[in-house]
Amino acid sequence: MSRNLCNCPVCERALVITSYKCPKCHTKIEGEFHIDKFSRLSVEDKNFIEIFVRKRGSIKEIEKELGISYPTVRNKLDNVIAALGHKVEKDTSRIEILSLLDAGEISTEEATKMLNDLNEDDI
């Protein structure tokens, strides 16, 4: 199997590992072992984290590497933050959005969507 099995395929609850076995000497360790939260991330989220770290958190560099827009990078980062169990802070201000638009870093459509998202958060 190429990925970690983290959730029960029947009820979707988190699984607990109850044994480990060495393939060479066949030593077996039994107990109750919990999976860390990074192991529970999707393959897509893990790939994003790898690129994020490799590019030292530079959103501009991540945009270039993945061929995606600033808001998409931010959304992917927000998804990882939420998947790790943390609250996602919506700290993008209207001024920051307009500055990104003015600098040509985001399109008019992206700016409109981001501004609409801010307005929805205020409701």
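By convention here, the first residue in the shown sequence is residue 1.
Contact between V73 and E63 at its shortest, heavy atoms only, is CG2-CG, 3.8 Å. The shortest non-hydrogen separation linking A111 to L101 is CB-CD2, 4.0 Å. Of all heavy-atom pairs spanning C6 and R40, the tightest one is O-NH1, 3.2 Å. Contact between A83 and D45 at its shortest, heavy atoms only, is CB-OD2, 4.1 Å.
Separating the CE atom in M114 from the CG atom in L100 is a distance of 6.0 Å, to the nearest 0.5 Å. Within the model, atoms CD1 of I62 and NZ of K64 stand 12.0 Å from one another, a figure rounded to the nearest 0.5 Å. We find the OG1-CG distance between T72 and L66 to be 10.0 Å, quoted to the nearest 0.5 Å.
D102 contributes no side-chain N or O that, together with a main-chain N or O of L98, makes up a donor-acceptor pair within less than 3.5 Å.
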Tabulate below the donor-acceptor pairs under 3.5 Å that side-chain atoms of residues 47-58 make, not counting sequence neighbours, or state none.
{"unit_1": "N47", "atom_1": "ND2", "unit_2": "V43", "atom_2": "O", "d": "3.4"}
{"unit_1": "R54", "atom_1": "NH2", "unit_2": "E65", "atom_2": "OE1", "d": "3.4"}
{"unit_1": "R54", "atom_1": "NH2", "unit_2": "E65", "atom_2": "OE2", "d": "2.6"}
{"unit_1": "K55", "atom_1": "NZ", "unit_2": "E65", "atom_2": "OE1", "d": "3.4"}
{"unit_1": "S58", "atom_1": "OG", "unit_2": "E61", "atom_2": "N", "d": "3.2"}

Show the atom names and distances, to 0.1 Å, of all donor-acceptor pairs under 3.5 Å that link a side chain in residues 10-21 to residues at least two apart or in another chain.
none

Distance-only donor-acceptor pairs under 3.5 Å for side chains of residues 30-37, two or more places apart:
{"unit_1": "D36", "atom_1": "OD1", "unit_2": "F38", "atom_2": "N", "d": "2.9"}
{"unit_1": "D36", "atom_1": "OD1", "unit_2": "S39", "atom_2": "N", "d": "3.0"}
{"unit_1": "D36", "atom_1": "OD2", "unit_2": "S39", "atom_2": "OG", "d": "2.9"}

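Considering only residues two or more places apart in sequence or on other chains, A82 meets the side chain to side chain contact (heavy atoms under 4.5 Å, CB included) condition with V88. When the side-chain hydrogen bond (donor to acceptor under 3.5 Å, both in side chains) test is applied to S99, no partner is found at least two apart in sequence or on another chain.
The shortest distance between side-chain heavy atoms of K76 and I68 falls below 4.5 Å.
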